[in-house]
Amino acid sequence: MQICARAHPNIALIKYWGKSDLATNLPSAGSLSVTLDTFTTETTVEEAASDQLLLNGEPGGGQADRVFRWLDACLTQRPPLHIDTRNNFPTAAGLASSASGFAALAVAVDALLELGMSDAQLSVLARRGSGSAARSIFGGFVRLDLGTDSNSTVAAPLLDAAQWPLEVVIAVTQSGPKETSSGEGMERSRKTSPLYQAWTECVAADLETARAAIEQRDFAALAAVSEASFLAMHAVMISSRPGLLYMKPASLAAIQRVRELRRDGLAAFCTMDAGPQVKVICLPESADDVAAALRELPGVVELHRVGLGRGAHLVPA
Ligand code: 2P0
């Protein structure tokens, strides 16, 4: 029997950067995100004679080790599995492919092995594979709160995509894999950044501000707190030793341009992750003008426009 699941990446507005427990991949603070449409991971699983993972049609290498270690840590027993996972967008380039990847796998493995997990249990399973994947179990606006332990640190939906259909313009400034993986970067920041403690302490208040802004559909308030969160995260990255410089000159140019557009009245704000791409969250009426302005910038090599999408789900194999 083959089971296929589909999941979308998500973009954090209130960022996750740092872990308090490596064994269970427990984040040191909460986070809040929007799940995208258009970009998808589709993952097919079936029982096999031995473990094998194909990533975009090629043997998974280091990713395969990571996936099978995760499954062995989370499931008491399982058969050997053949996993075929494909992304329709760049892998490991700061476009959150691990979020959609582990969310799709969690849903597919749960169905194949008939584990009967709830959405919350699926979110914990996905989180143990990749912190941001906990959020891709759900669609629209999603919040992850710290619980008292690993099993209660779980994402939950805030609003469906249709309840506030924002658009996201993604300016790719450099394609290809990132220089330092998120997991390695987070550990470097935790161990060496003098700003790390202050960073983890400011997240709870930012989460509450963002939650209220989303509930009230207050775009300006969401823009202010989201921009503050991503800039604070990059301050932590830059102040790590050695410093993690994910921004490129074109990334900074895009951020400055979006700030000008906002001063001119457009509803748009930027966020960035562990890579040089700039994601611009827009009200739908501003997205055309934002895309046109970013297309003109030297150094923007690709532009994508996506909406908000649904959570991870099964599809016919
Ligand atoms: C986020 N990022 O909240 C943050 C912002 C990148 C910057 O979650 O080590 O691949 O697998 O738990 O989820 C990317 O890190 O990290 C990420 P692991 P993950 O979206």
Side-chain angles (χ1 to χ4, degrees), residues 7-36 39 41 62-63 65-67 69-70 73-74 87 90-106 123-138 141-146 150 153-155 168 170 177-190 193 196 199-200 203 206-207 210 225-238 240 244-247 251 270-279 281:
H8 300 291
N10 68 77
I11 303 293
L13 304 183
I14 305 301
K15 299 294 186 183
Y16 150 54
W17 192 254
K19 304 169 199 267
S20 61
D21 181 50
L22 292 178
T24 56
N25 202 38
L26 200 56
S28 57
S31 54
L32 185 151
S33 59
V34 287
T35 301
L36 304 181
F39 290 168
T41 297
Q63 286 302 325
D65 296 342
R66 176 178 172 183
V67 162
R69 268 203 313 274
W70 161 68
C74 296
N87 298 325
T91 299
L95 294 176
S97 54
S98 72
S100 49
F102 280 94
L105 253 171
S123 179
V124 171
L125 176 61
R127 195 210 76 228
R128 292 185 60 174
S130 186
S132 53
R135 303 184 308 239
S136 276
I137 295 295
F138 302 101
F141 294 77
V142 181
R143 177 170 174 169
L144 185 146
D145 281 302
L146 289 189
S150 171
T153 298
V154 55
V168 185
I170 299 174
K178 64 184 105 174
E179 287 154 26
T180 309
S181 75
S182 295
E184 192 185 329
M186 286 184 203
E187 274 306 281
R188 189 187 302 174
S189 294
R190 184 180 67 79
S193 167
Y196 184 78
W199 155 248
T200 59
V203 175
D206 287 350
L207 273 177
V225 73
S226 301
E227 198 180 88
S229 178
F230 109 77
L231 289 172
M233 179 183 74
H234 278 268
V236 173
M237 292 163 161
I238 290 167
S240 304
L244 295 156
L245 275 169
Y246 289 110
M247 287 193 194
S251 324
C270 294
T271 189
M272 286 181 68
D273 296 296
Q277 329 314 354
V278 179
K279 292 100 177 193
I281 318 294

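Counting convention: from 1, in listed order, for ligands and their atoms alike.
- Side chains of Arg127 and Thr153: no donor on one and acceptor on the other come within 3.5 Å.
- With rounding to the nearest 0.5 Å, the separation of OG1 in Thr41 from CG in Leu105 is 9.0 Å.
- Some N or O of Arg66 is nearer than 3.5 Å to an N or O of ligand 1, by distance alone.
- Which of Leu32, Asn25, Asp273 comes nearest to atom 6 (C) of ligand 1 through a heavy atom is settled by distance: it is Asp273.
- In summary, the side chains of Thr200 and Arg190 do not present any donor paired with an acceptor at a separation below 3.5 Å, with no hydrogens or angles considered.
- Below 3.5 Å of separation, one finds an N or O of Gly131 facing an N or O of ligand 1.
- Under 4.0 angstrom from ligand 1, there are no non-hydrogen atoms of Glu184.
- Ser100 and Pro9 make their closest contact through CB-N, 3.4 Å (heavy atoms, listed as atom of the first residue, atom of the second, distance).
- From the protein, the heavy atom lying nearest to atom 15 (O) of ligand 1 is Ser182 CB, 3.3 Å.
- Across Ala12 and Ser33, no two heavy atoms sit closer than the pair CA-CB, 3.7 Å.
- Looking at atom 2 (N) of ligand 1, its nearest protein heavy atom turns out to be Tyr16 O, 3.9 Å.
- At a threshold of 4.5 Å between non-hydrogen side-chain atoms, the residues Leu244 and Trp17 count as touching.
- At a 4.0 Å heavy-atom cut-off, ligand 1 does not touch Ser31 at all.
- Residue Met186 has at least one heavy-atom neighbour below 4.0 Å for each of these atoms of ligand 1: 15 (O), 16 (O).
- A donor atom on one side chain and an acceptor atom on the other are not found under 3.5 Å apart for Ser240 and Arg188.
- At a heavy-atom cutoff of 4.0 Å, ligand 1 is contacted by no atom of Arg128, backbone or side chain.
- When each of Ser181, Ser130, Ser182 is tested with Ser98 by the rule side-chain hydrogen bond (donor to acceptor under 3.5 Å, both in side chains), just one qualifies, namely Ser130.
- Of the heavy atoms in Ser98, only side-chain atoms (C-beta onward) come closer than 4.0 Å to ligand 1.
- Which parts of ligand 1 touch Ala12 is read off a 4.0 Å heavy-atom cut-off, strictly below it: atoms 1 (C), 3 (O), 20 (O).
- Close approach to Gly183 involves these atoms of ligand 1, each under 4.0 Å from a residue heavy atom: 9 (O).
- A salt bridge does not link Lys15 with Asp206: every distance from a Lys NZ or Arg NE/NH1/NH2 to an Asp or Glu carboxylate oxygen is 4.0 Å or more.
- Atom 19 (P) of ligand 1 has its nearest heavy-atom neighbour, among Ala29, Ser33, Ala99, Ser130, in Ser130.
- Across Arg127, Arg135, Lys19, heavy-atom proximity to atom 1 (C) of ligand 1 is greatest for Arg135.
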Show your reasoning for whether side-chain contact (heavy atoms from CB on, under 4.5 Å) applies to Lys19 and Asn25. CA-CA 7 Å; Lys19 304 169 199 267; Asn25 202 38; 2.5 Å; yes

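- In terms of protein heavy-atom proximity, atom 13 (O) of ligand 1 is nearest to Ser132 OG, 2.6 Å.
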